[in-house]
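Have a look at the structure below before the remarks.
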Amino acid sequence: MGFFTEMFARPRPQEHLRYRAALALLHSMSNADRADIGIKPADFPRIARAMSIR
């Protein structure tokens, strides 16, 4: 039981915070902006993961 407490009590990695910030940025873009760069909402998780690793 101590393992689960330790696992859930640990702080989240910084990549998770950067992923959420990147996802928020992508969601805040207008449809015209998305069309200009050629991305669709289905691409958001993949792009956000790539942005969070950098």
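These values consider heavy atoms only, across backbone and side chains, with no hydrogens, waters or symmetry-generated copies.
- Partners of Tyr19 by ring pair (Phe, Tyr, Trp, His ring centres under 6.0 Å), not counting sequence neighbours: none found.
- Applying the ring-ring contact (aromatic ring centres under 6.0 Å, His included) rule to pairs touching residues 23-52 yields His27-Phe44, sequence neighbours excluded.
- Sorted by first and then second residue, the salt bridge (Lys or Arg N to Asp or Glu O under 4.0 Å) pairs involving residues 42-51 (not counting sequence neighbours) are Asp43-Arg46.
- Take Ile37 and apply the side-chain contact (heavy atoms from CB on, under 4.5 Å) test, not counting sequence neighbours, and it matches Met29, Ile39.
- Distance CG/Leu23 to CZ/Arg18: 14.5 Å, rounded to 0.5 Å.
- At a threshold of 4.5 Å between non-hydrogen side-chain atoms, the residues Met51 and Leu25 count as touching.
- Put simply, OG on Ser52 and CZ on Arg20 are 13.0 Å apart, with the number rounded to the nearest 0.5 Å.
- Every pair passing side chain to side chain donor-acceptor pair (under 3.5 Å) that includes a residue from residues 29-38 is listed here, sequence neighbours excluded: Ser30-Asp33, Asn31-Arg34.
- Listed here is the closest heavy atom pair of Pro45 and Pro41: CD-O, 4.0 Å.
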